[in-house]
Amino acid sequence: MSDCIFQGVVDFIEAKINQKLWLYGEKIPSIRTLVKEHQVSKNTVIRALTELEQKGLISAKAKVGFFVSFQEKNNLLPNQLYPDFNPTKVAVPFLFYDIMYRSAAFDILPKSSTEQASKHLLELNRHLGRALKESMHEKSMYYDSPLGSKALRFQISERYRNRALKLNADDLCITSGCQHALFLALLVTCEPGDNVAVESPAFYGVVQLLEQLNLNIIEISASPTTGLDVNELANAIEQWPIKACIVTPSFATPSGALMPDENKQTLVALANEYDFAIIEDDIYGELSFKEPVAPLKCLDRESRVILCSSFSKSLSRDLRIGWIAAGRWQQAVVRLKLTSQLASSQTQQQGLTSFISSGGYRKHLDYFKIKLAHQRNQLIDAILKHWPATIRFTVPEGGIALWLELDKNIDTAELYLEAVKANIVITPGSLFTCSDYYRNFLRLSFNHPTVGKRLQAIKKLGALLKLSSAN
């Protein structure tokens, strides 16, 4: 009889996992809850969990609980490609502008969302509205100070202390988003014609900046899991002078790669030895699904790392508030900000400061990271179910996107044109390079749930891929 009771608990949990009711990465009910629900002893539940762990269906985290395991047999990682080191003039393709015009950078079905705003975003709006009422007359006649709100800069510095980086408020300058911060960082470190090393596949926003500033790109191969290949960077430096290196160590787009500490140390050592600036794009730094990840700037002892970020990915794209900590270039950055932006919105900064200091931002992040991890699992499940079995993809532990490699005969730029006919927008791999690479790659975002119309879009894409593979 006891074996039947034990097997009943095993079958219950296994069915939940096999039916995709509990997805990869999700925490299953506690031992106490399972005991109560199944009216069995604690030892019976522990025995059932041990059995499921041995099967590889769940895994334990000390003092936290049991979580659904990912079945690695279903997943092959995209291949790491190795572009040439030759400095290249940058030309942003037409597809980039077409995607941006459709407001589809991180959504395959732009403007079709029926999701309700979370209570935390509603709370943010209340803080912003209160700030507008309180300062409408007082702030409207004056520009913000060049560095931006000191109260907001203090709150940002406190957020970094939680990630082991000590910054003072005066080490930071408020910008109009992360793209603006990266723009300022390139302006103060490079001159037209200089070479800039960029991880490949590269964030297309960086490629766009390099084109506008007339800078040469040197693409450095990046692993889909560990990011910038520091050995490849060392080889490139031996061949060409490099003025700056732009890198996203934490959950880089498009792959979601996370750079190991030893690679970060090697990168900083190379910058010190060869006298170049590191421009760190930390925009996904707070979106770790596990423990907090320390920024690369934590290792900066010679003030060579320029830290750039914003709230656009972690909170709201409508909030065009970012920051830059430029170290030895800070004064030059502030002067250039006065030229390129003049001032930031005091009301938005005041409302955002209030939201963070009240604990609203922390609560939002706790909720948002759980939501993103669940949406990643939804998207992976849909891909495994509806796309060809030959698909390779990353399983990032943070950020908002997967990097996928399709069959070699599939050109995702051509797939884009076919998908647009059905009002589906993908992000082809060719956007993430200035060379002839990643033609059969694409990025998919899990910033939205894969349900309803988006699930139907994934199914349609799967049908297109299967048709293309057959031809």
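FYI, the numbering just counts along the sequence from 1. Just the heavy atoms: all of them, side chains too, but no hydrogens, waters or symmetry mates, feed the values below.
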Is any NZ, NE, NH1 or NH2 atom of the basic residue among Lys297 and Asp300 found under 4.0 Å from an Asp or Glu carboxylate oxygen of the other?
-> yes
Decide yes or no on ring-ring contact (aromatic ring centres under 6.0 Å, His included) for Phe203 and Phe432, but give the supporting numbers first.
-> CA-CA 6 Å; Phe203 168 47; Phe432 302 93; 8.2 Å; no
For residues 225-232, which side-chain donor-acceptor pairs fall under 3.5 Å, sequence neighbours excluded?
| residue | atom | partner | partner atom | Å |
| --- | --- | --- | --- | --- |
| Thr225 | OG1 | Ser223 | OG | 3.2 |
| Thr226 | OG1 | Ser223 | OG | 3.2 |
| Asp229 | OD1 | Asn231 | N | 3.1 |
| Asp229 | OD1 | Glu232 | N | 3.2 |
| Asp229 | OD2 | Gln80 | NE2 | 3.2 |

Do the side chains of Leu406 and Thr412 get nearer than 4.5 Å, heavy atoms only?
-> yes
Trace of the side chain to side chain contact (heavy atoms under 4.5 Å, CB included) decision for Ser149 with Thr353 | CA-CA 9 Å; Ser149 163; Thr353 301; 4.2 Å; yes
Any donor-acceptor pair under 3.5 Å linking the side chain of Asp281 with the backbone of Ile283?
-> yes
For Phe441, what residues pass the ring pair (Phe, Tyr, Trp, His ring centres under 6.0 Å) criterion, not counting sequence neighbours?
-> Trp403, Tyr438
Quick one: do Leu296 and Val268 satisfy side chain to side chain contact (heavy atoms under 4.5 Å, CB included)? Show the steps, please.
-> CA-CA 8 Å; Leu296 176 69; Val268 172; 3.8 Å; yes
Residues 83-92 vs side chain to side chain donor-acceptor pair (under 3.5 Å), sequence neighbours excluded, gives Lys89-Asn214
Residues in side-chain contact (heavy atoms from CB on, under 4.5 Å) with Asn195, at least two apart?
-> Pro87, Asn216, Ile218, Trp240, Pro241
Residues which pass side-chain hydrogen bond (donor to acceptor under 3.5 Å, both in side chains) with Asp381, listed by chain and number, not counting sequence neighbours = none
Are any of the side-chain nitrogens in Asp171 or Arg153 under 4.0 Å away from the carboxylate oxygens of its partner?
-> no
Is there a donor-acceptor pair closer than 3.5 Å between any side-chain N or O of Glu273 and the backbone N or O of Ala269?
-> no
Would Trp22 and Phe67 count as a ring-ring contact (aromatic ring centres under 6.0 Å, His included) if you check the C-alpha gap in whole Å, the side-chain angles of each, and the deciding distance to 0.1 Å?
-> CA-CA 9 Å; Trp22 295 348; Phe67 294 77; over 10 Å; no
Does one side chain, of Glu219 or Tyr82, offer a donor that lies under 3.5 Å from an acceptor on the other?
-> no
In Å and rounded to the nearest 0.5 Å, what is the CG to CD distance from Leu147 to Gln330?
-> 6.5 Å
When rounded to the nearest 0.5 Å, the distance separating CD1 of Ile156 from CZ of Arg161 is 13.5 Å
For a quick test of your reading: what N or O donor-acceptor pairs under 3.5 Å do the side chains of residues 314-321 make, sequence neighbours left out?
| residue | atom | partner | partner atom | Å |
| --- | --- | --- | --- | --- |
| Ser314 | OG | Tyr361 | OH | 2.8 |
| Ser316 | OG | Asp318 | N | 3.1 |
| Arg317 | NH1 | Ser312 | O | 3.3 |
| Arg320 | NH1 | Arg317 | O | 3.4 |

Is there a donor-acceptor pair under 3.5 Å between the side chain of Trp387 and the backbone N or O of Ile458?
-> yes
Any donor-acceptor N/O pair, Thr189 side chain to Ala244 backbone, under 3.5 Å | no
With a 4.5 Å limit on heavy-atom distance, are the side chains of Val207 and Cys434 in contact?
-> yes
How long is the gap from CD1 on Ile370 to CD on Gln375, to the nearest 0.5 Å?
-> 12.0 Å
Ion pair Arg376/Glu397, N-O distance below 4.0 Å | yes
With sequence neighbours left out, the residues meeting salt bridge (Lys or Arg N to Asp or Glu O under 4.0 Å) with Glu286 are Arg159
pair Asp261-Leu299: side-chain heavy atoms closer than 4.5 Å = no
Counting only heavy atoms not in Lys363, do more than 12 fall under 6.0 Å of its NZ?
-> no
Would you kindly say whether Asp411 and Tyr416 are connected by a side-chain donor-acceptor distance under 3.5 Å?
-> no
Any donor-acceptor N/O pair, Thr266 side chain to Glu262 backbone, under 3.5 Å = yes
CD/Glu53: more than 12 non-hydrogen atoms of other groups inside 6.0 Å = yes
Backbone N/O of Ser435 and side chain of Thr433: donor-acceptor pair under 3.5 Å | yes
Those residues at least two apart in sequence (or on a different chain) that pass ring pair (Phe, Tyr, Trp, His ring centres under 6.0 Å) with His120 are Tyr367
Partners meeting salt bridge (Lys or Arg N to Asp or Glu O under 4.0 Å) with Arg304 (sequence neighbours left out) | Asp275, Glu302
Residues forming a salt bridge (Lys or Arg N to Asp or Glu O under 4.0 Å) with Glu418, sequence neighbours excluded | Lys421
Using residues 245-255 as the side-chain source, report each donor-acceptor pair under 3.5 Å to any protein atom, sequence neighbours left out, with the distance given to one decimal.
| residue | atom | partner | partner atom | Å |
| --- | --- | --- | --- | --- |
| Thr253 | OG1 | Arg443 | NH1 | 2.9 |
| Ser255 | OG | Ala257 | N | 3.1 |

Approximate separation, where rounding is to 0.5 Å, of Lys369 NZ and Lys290 NZ | 13.0 Å
Give a yes or no on whether the backbone of Arg328 and the side-chain of Ser303 come within a donor-acceptor separation of less than 3.5 Å.
-> yes
Kindly compute the distance separating CG (Asp107) from CD1 (Ile426), expressed to the nearest 0.5 Å.
-> 13.5 Å
Decide side chain to side chain contact (heavy atoms under 4.5 Å, CB included) for Asp98 and Val425; before the verdict, give the C-alpha distance in whole Å, the side-chain angles of both, and the deciding distance to 0.1 Å.
-> CA-CA 10 Å; Asp98 194 57; Val425 185; over 6 Å; no
So the salt bridge (charged side-chain N to carboxylate O under 4.0 Å, His left out) pairs with at least one residue in residues 180-194 (sequence neighbours excluded) are Asp194-Lys243
Answer yes when Arg163 and Asp282 have at least one side-chain N-carboxylate O distance shorter than 4.0 Å, and no when they do not.
-> yes
Return yes if some donor-acceptor pair links the side-chain N/O of Lys337 with the main-chain N/O of Ile174 below 3.5 Å, else return no.
-> yes
Working to the nearest 0.5 Å, report the span between CG of Leu213 and CD of Gln208.
-> 10.5 Å
